[in-house]
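Quick notes on the structure that follows.
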Amino acid sequence: MAEVASIPNTGLLKFYSAAPSYENILVSVVGTKKNVGVIQLNRPKALNALCKPLFVELGKAVKEFDSDSSIAAIIITGNEKAFAAGADIKEMQNNTYSSNQKAGFLQEWEDVSNCGKPIIAAVNGFALGGGCELAMLCDIIYAGEKAKFGQPEINIGTIPGAGGTQRLPRYVGKSKAMEIVLTGNFIDAHEAEKMGLVSRVFPVDKLLEETVKLAERIGTHSPLVVKMAKQSVNQAFETTLKSGLLYEKSIFYGTFATEDRKEGMTAFIEKRPPNFKNE
Ligand SMILES: CCCCCCC[C@H](O)CC(=O)SCCNC(=O)CCNC(=O)[C@H](O)C(C)(C)COP(=O)([O-])OP(=O)([O-])OC[C@H]1O[C@@H](n2cnc3c(N)ncnc32)[C@H](O)[C@@H]1OP(=O)([O-])[O-]
């Protein structure tokens, strides 16, 4: 069993049995049922800038939690100063068009976006550039009240490259997304909540605790049906309303092929809590 460092201000659990020795992230399992996987980005001196080794580790940890049947939901977080201040500018300073093409720059992001389980971003401090894009890749964003979001790539002569020009307009609409991307200005947590980028804002020291509660609440449901619900909501960002509704219907019908759907409805009628089996 590998021991990993504790997560500040949580008092929660500090082990993840399968955790390999990562250098850029800390991995733990928390919650009363030990069913919430937490990945803490851990390059504090560089404000958690997303260097390639960090992203490779993040992808591995996400995949590992995704395939661990004891884990109901995953939290990605940073520290009080930074969730992540973007791609590592020092690392990519000398990249060229052809080196990006040849190396498939950013392909590690697929490991996070392919995860079937819910991923919640718990954002304190800066979520800029790739950091904001990583948060938007998650399914739900909770923020501490001092969080700052932005796509400042324009300040350094480039544009968002990991979804910022595509996901941000879907969260906040065209005018606000254009303003954020074209100015490079930051927005605070309350503005981000008002725009619909963030679901809820908490005091800084309560953020992780509240995010764990959310993950635990999700963890009371059938993991199979949670996965189906996630797939269906995500379809709303991929297709037309007509095709999305058809997709939703087929997934809804599909829940009737599961034991957990039967158990959920039977439990309701028998006035008892459901006992979901992930079947
Ligand atoms: C595989 C990964 C792929 C990612 C996705 C790619 C696509 C993406 O859309 C492109 C980007 O994100 S483009 C990026 C978009 N993001 C940006 O443009 C934001 C850039 N950052 C900033 O503007 C400022 O650091 C802040 C305003 C965040 C904080 O200001 P403050 O409170 O005065 O703090 P400070 O003194 O400034 O920083 C402390 C230390 O952290 C260091 N460091 C920080 N960010 C770094 C980074 N991204 N990089 C490297 N290092 C970074 C900083 O150098 C310093 O270390 P040093 O050893 O002393 O030199």
Side-chain angles (χ1 to χ4, degrees), residues 22-25 27 39-63 76-115 119 121-138 141 143-172 176-189 191-192 197-198 204 237:
Y22 292 123
E23 287 178 9
N24 300 284
I25 58 173
V27 180
I39 303 169
Q40 184 183 14
L41 311 181
N42 189 36
R43 295 185 75 209
K45 285 192 187 140
L47 303 184
N48 290 334
L50 302 167
C51 62
K52 180 167 174 158
L54 182 152
F55 232 88
V56 169
E57 290 180 7
L58 176 62
K60 267 193 202 156
V62 165
K63 267 180 155 172
I76 300 180
T77 193
N79 56 52
E80 285 193 9
K81 174 120 200 226
F83 176 73
D88 191 319
I89 300 168
K90 293 170 189 167
E91 184 186 67
M92 69 180 169
Q93 182 192 6
N94 296 316
N95 281 16
T96 62
Y97 174 75
S98 68
S99 73
N100 288 344
Q101 280 285 7
K102 286 183 208 159
F105 186 46
L106 299 181
Q107 72 188 6
E108 299 79 19
W109 288 64
E110 303 287 316
D111 290 337
V112 180
S113 56
N114 288 338
C115 179
I119 308 183
V123 177
N124 267 325
F126 295 112
L128 304 176
C132 187
E133 292 168 311
L134 173 59
M136 289 191 289
L137 203 61
C138 297
I141 307 176
E145 58 198 352
K146 292 197 180 138
K148 289 209 178 339
F149 296 83
Q151 297 289 163
E153 290 88 345
I154 202 93
N155 297 330
I156 56 167
T158 186
I159 72 163
T165 67
Q166 301 305 301
R167 289 199 177 89
L168 190 59
R170 286 167 163 83
Y171 276 94
V172 304
K176 285 185 193 303
M178 280 288 189
E179 194 182 339
I180 292 166
V181 170
L182 300 186
T183 62
N185 291 346
F186 301 164
I187 54 166
D188 67 31
E191 285 175 276
L197 178 60
V198 157
V204 170
F237 299 97

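One-based numbering, in listed order, for ligands and for the atoms of each. Because the structure is a prediction, the values reported are computed rather than measured. FYI, side chains are in, hydrogens and waters are out, and symmetry mates aren't considered; it's all heavy atoms of this structure.
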Worksheet item: Nearest protein heavy-atom contact for atom 58 (O) of ligand 1: which residue, which atom, what distance?
Response: K90 NZ, 3.3 Å
Worksheet item: Heavy atom of Q151 under 4.0 Å from ligand 1?
Response: no
Worksheet item: What atoms of ligand 1 come closer than 4.0 angstrom to any heavy atom of P160?
Response: 9 (O)
Practice prompt. Give the residue, atom name and distance (to 0.1 Å) of the protein heavy atom nearest atom 49 (N) of ligand 1.
Written response: I89 N, 2.9 Å
Worksheet item: Where is the tightest heavy-atom contact between L50 and E91, given as atom of each residue plus distance?
Response: O-OE1, 4.4 Å
Worksheet, complete the sentence: The closest protein heavy-atom partner of atom 31 (P) of ligand 1 is K81 NZ, 4.1 Å
Worksheet item: With a 4.5 Å heavy-atom cut-off, do Q166 and F237 have their side chains touching?
Response: no
Worksheet, complete the sentence: Within 4.0 Å of some non-hydrogen atom of A49, the atoms of ligand 1 are 47 (C), 49 (N), 50 (C)
Item to complete: For the pair V112 and L58, evaluate side chain to side chain contact (heavy atoms under 4.5 Å, CB included) and give the outcome as yes or no after the intermediate values.
Response: CA-CA 8 Å; V112 180; L58 176 62; 4.1 Å; yes
Response to the item:
Minimal heavy-atom distance between F83 and I76, with the atoms involved, is CE1-O, 3.4 Å
Worksheet item: Considering only protein heavy atoms, which is closest to atom 37 (O) of ligand 1, and at what distance to one decimal place?
Response: L47 CD1, 5.0 Å
Worksheet entry | Distance filter under 4.0 Å to P152 heavy atoms, resulting ligand 1 atoms | 16 (N), 17 (C), 18 (O)
Worksheet, complete the sentence: re atom 28 (C) of ligand 1, the protein heavy-atom contact at minimum distance is L128 CD1, 3.5 Å
Worksheet item: Is the closest side-chain heavy-atom distance between L128 and L47 below 4.5 Å?
Response: no
Item to complete: Compute the shortest N/O to N/O distance between G130 and ligand 1 and return yes if it is under 3.5 Å, no if not.
Response: yes
Discussion item. Would E153 count as being in polar contact with ligand 1, using the rule that some N or O on each side must be under 3.5 angstrom apart?
Written reply: yes
Worksheet entry | Heavy-atom side-chain contact between V62 and D111 under 4.5 Å | no
Worksheet item: Hey, does I159 have a side-chain heavy atom less than 4.5 Å from the side chain of V181?
Response: no
Worksheet item: Which residue owns the protein heavy atom closest to atom 2 (C) of ligand 1, what's the atom, and how far is it?
Response: L50 O, 3.0 Å
Worksheet item: Between the candidates G150, G164, A46, A87, which shows the shortest non-hydrogen contact distance to atom 47 (C) of ligand 1?
Response: A87
Discussion item. I want to check something: taking the side chain as every heavy atom from C-beta on, are E133 and P160 in contact at a cut-off of under 4.5 Å?
Written reply: yes
Worksheet item: Between G131, A85, G86, which one has a non-hydrogen atom sitting closest to atom 17 (C) of ligand 1?
Response: A85
Worksheet item: Do I159 and ligand 1 have an N or O pair less than 3.5 Å apart?
Response: no
Worksheet entry | Non-hydrogen atoms of A87 and M92 that approach each other most closely | CB-CE, 3.6 Å
Item to complete: May I have the step-by-step check of side chain to side chain donor-acceptor pair (under 3.5 Å) for N95 and N100, ending in yes or no?
Response: CA-CA 7 Å; N95 281 16; N100 288 344; 2.9 Å; yes
Fill in: Minimum-distance protein heavy atom relative to atom 3 (C) of ligand 1
L106 CD2, 3.0 Å
Fill in: Whether R43 side chain and N24 backbone form a donor-acceptor pair below 3.5 Å
no
Worksheet item: Taking the non-hydrogen atoms of K45, is any one of them nearer than 4.0 angstrom to ligand 1?
Response: yes
Discussion item. If we set the cut-off at 4.0 Å for heavy atoms, which region of N155 has an atom near ligand 1: side chain, backbone, both, or neither?
Written reply: neither
Practice prompt. Evaluate side chain to side chain contact (heavy atoms under 4.5 Å, CB included) for L197 paired with K176, printing each intermediate quantity in order.
Written response: CA-CA 11 Å; L197 178 60; K176 285 185 193 303; over 6 Å; no
Worksheet item: With a cut-off of 4.0 Å, which atoms of ligand 1 are near a heavy atom of I156?
Response: 13 (S)
Worksheet item: Nearest protein heavy atom to atom 13 (S) of ligand 1, by residue and atom, and its distance?
Response: M92 CE, 3.5 Å
Worksheet entry | Flag side-chain contact, heavy atom, 4.5 Å: Y22 against L54 | no
Worksheet item: Do any N/O atoms on W109 end up under 3.5 angstrom from N/O atoms on ligand 1?
Response: no
